[in-house]
Amino acid sequence: MLRTILVYLSAIVLYLTVLPFICLYWPFSKDKEFPFLMSTIFWGGNLMKVAGVNITVHGKENIRKLPERVVFISNHASYFDIPILITILPLGCRFVAREDLFRAPFLGWITRNSGHISIERKGTKKTLQTMLKTAEKVKNGLKVIIFPEGSRSPDGQIAEFKKGTLLLATRGDAHIVPIAISGSHKIMAKNKLLVSPTRIKVTIGKAIAPAEFVGKEESDILADLKDQISEMAGQSHK
């Protein structure tokens with residue numbers, strides 16, 4: 001309980017810490033998203049330290065020389081998955097997340113101005129338009145993180161990947177890099193407020209070229225990706 005209180009207090013203190021940086025840097029920055037993006041990395045990285053999150057990364061060599069166009073696809077079991085990935089992956093990666101996060105007090109303002117992509121909970125015409133615009137940015141070199149399960153897993157078991165997951169990669173002519181996060185559901189379980197110190201393993205797979213998907217059905221590609229990420233996470237699959 002004490003650690004949980006400390007984490008929530010630290011979240012507020014860290015937010016107040018980055019505010020002066022944003023206010024001082026923003027007027028002089030050509031890239032208006034940069035000070036916000038750096039603030040999310042600083043905020044998330046330090047919050048994980050307070051929470052006692054210890055991360056081991058496997059497959060670092062797979063992100064040292066990435067193709068120009070990349071979409072990272074990862075399983076999702078905790079709110080902490082976002083700071084985990086943005087502190088590990090190359091600077092400038094943006095994640096796709098449901099609009100709820102962008103309405104959160106304090107953090108929502110920074111997240112929105114960092115250039116991360118907000119989509120509605122239910123797929124709508126607006127969601128499709130947002131994804132198509134993002135795909136154009138991917139084609140121009142923006143690296144994006146997407147959680148294909150559509151929601152956090154309550155127990156860490158990887159659920160089926162949602163239809164439409166591949167849109168950014170196919171329309172953006174991008175490689176897909178599979179990522180498995182193991183153990184993050186233990187930090188703060190879905191629908192729970194308590195925070196627990198946890199050892200996390202992140203496994204980064206090799207980039208998969210667009211040519212490898214030619215002629216395959218979307219359902220088959222998603223099933224293969226789910227199997228690969230499940231195996232990387234140490235989970236059995238059919």
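Proximity of a side-chain donor or acceptor of K65 to a complementary backbone N or O of N62 within less than 3.5 Å is not detected. Looking at S29, its side chain never comes within 3.5 Å of a backbone N or O of W26 through a donor-acceptor pair. Under the 3.5 Å distance criterion, the side-chain polar atoms of E218 are matched with a main-chain donor or acceptor of G164. Remark: the backbone N or O of L193 is paired with a side-chain donor or acceptor of Y8 at under 3.5 angstrom. Checking side-chain atoms of R98 against main-chain N and O of G150 turns up a donor-acceptor pair under 3.5 Å. In this structure, the side chain of T4 engages the main chain of V195 through a donor-acceptor pair within 3.5 Å. With R171 contributing its side chain and A135 its backbone, the two residues share no donor-acceptor pair below 3.5 Å.
Under the 4.5 Å side-chain heavy-atom criterion for ILVMFWY residues, a single connected hydrophobic cluster contains both L166 and V144. Side-chain heavy atoms closer than 4.5 Å link hydrophobic residues (I, L, V, M, F, W, Y) into clusters, and following such links, possibly through other members, connects L16 to L47. V50 and V13 fall into different hydrophobic clusters, where Ile, Leu, Val, Met, Phe, Trp and Tyr residues are linked whenever their side-chain heavy atoms come under 4.5 Å apart, directly or through other members. Both L89 and V57 belong to a single network of hydrophobic side chains, linked directly or stepwise wherever heavy atoms of I, L, V, M, F, W or Y lie under 4.5 Å apart. M38 and L24 are assigned to two separate hydrophobic clusters, defined by single-linkage of ILVMFWY side chains at heavy-atom distances under 4.5 Å.
Counting heavy atoms from C-beta outward, T134 and T130 have side chains that approach closer than 4.5 Å. Using a 4.5 Å heavy-atom cutoff, the side chains of L14 and F42 are in contact. Side-chain contact between I22 and S39 is present, with heavy atoms from C-beta onward closer than 4.5 Å. Under the 4.5 Å side-chain criterion, counting only non-hydrogen atoms from C-beta, F147 is in contact with L85. Residues T56 and I200 form no side-chain contact, since every pair of their non-hydrogen atoms from C-beta on lies 4.5 Å or further apart. The shortest distance between side-chain heavy atoms of I187 and Y79 does not fall below 4.5 Å. Inter-residue side-chain proximity for Y25 and P20 is flagged as unmet; no heavy-atom pair is nearer than 4.5 Å. Annotation: side chain of L132 is not in contact with side chain of E136 (no heavy-atom distance under 4.5 Å).
Ion pairing between E149 and K226 fails under the 4.0 Å rule for side-chain N and carboxylate O. Electrostatic pairing of D173 and R69 counts as a salt bridge here, judged by a charged N lying under 4.0 Å from a carboxylate O.
With respect to I55, the side chain to side chain contact (heavy atoms under 4.5 Å, CB included) criterion is satisfied by exactly one of T198, I88, I181: I88.
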Applying side chain to side chain contact (heavy atoms under 4.5 Å, CB included), run through Q235 and I158 and close with a yes or a no. CA-CA 8 Å; Q235 298 180 14; I158 300 174; 3.6 Å; yes
Step by step, work out the salt bridge (charged side-chain N to carboxylate O under 4.0 Å, His left out) result for R94 and E33. CA-CA 11 Å; R94 305 307 202 275; E33 293 178 353; 2.7 Å; yes
Where do I145 and I179 land on the side chain to side chain contact (heavy atoms under 4.5 Å, CB included) test, with the steps shown first? CA-CA 10 Å; I145 307 162; I179 297 177; 5.9 Å; no
Given T17 and N46, is the side chain to side chain contact (heavy atoms under 4.5 Å, CB included) satisfied, shown in steps? CA-CA 11 Å; T17 301; N46 282 281; over 6 Å; no
Given V177 and K143, is the side chain to side chain contact (heavy atoms under 4.5 Å, CB included) satisfied, shown in steps? CA-CA 10 Å; V177 176; K143 293 176 174 53; over 6 Å; no
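How far OG of S78 is from CD1 of I84: 6.5 Å, rounded to the nearest 0.5 Å. Separation of atoms CD1 (I73) and CG (L225) is listed at 5.5 Å; rounding is to 0.5 Å. With rounding to the nearest 0.5 angstrom, the CD1 atom of I208 is 6.0 Å from the CD1 atom of I176. Rounded to the nearest 0.5 angstrom, K162 NZ and L222 CG are separated by 11.5 Å. Remark: S114 OG to W43 CH2 distance equals 11.5 Å, nearest 0.5 Å. Considering NE2 of H116 and OG1 of T111, their distance stands at 6.0 Å, rounded to 0.5 Å.
In K32, the NZ atom is crowded: over 12 heavy atoms of neighbouring residues, nucleotides or ligands sit closer than 6.0 Å. Within 6.0 Å of the CD atom in E217, the count of heavy atoms belonging to other residues, nucleotides or ligands does not exceed 12. Atom NZ of K186 has 12 or fewer neighbouring heavy atoms from other residues, nucleotides or ligands inside a 6.0 Å radius. At most 12 non-hydrogen atoms from other residues, nucleotides or ligands lie less than 6.0 angstrom from CZ of R199.
Between V7 and A51 the shortest heavy-atom distance is CG2-CA, 3.7 Å. Considering every non-hydrogen atom in both A97 and F102, the closest pair reads O-CE1, 3.7 Å. D155 and H185 get closest at one heavy-atom pair: O-NE2, 3.3 Å. The shortest non-hydrogen separation linking A77 to G156 is CB-CA, 4.2 Å. Heavy-atom minimum distance, A174 versus P210: O-CG, 3.4 Å. Between P35 and D31, the shortest heavy-atom distance links the atoms CD-O, 3.5 Å.
Ring-plane geometry between W109 and F36 is classed as perpendicular, the angle between the planes exceeding 60 degrees on a 0 to 90 degree scale with a lower cut at 30.
Shown here are the ring-ring contact (aromatic ring centres under 6.0 Å, His included) partners of Y15, two or more places apart in sequence or in another chain: F106.
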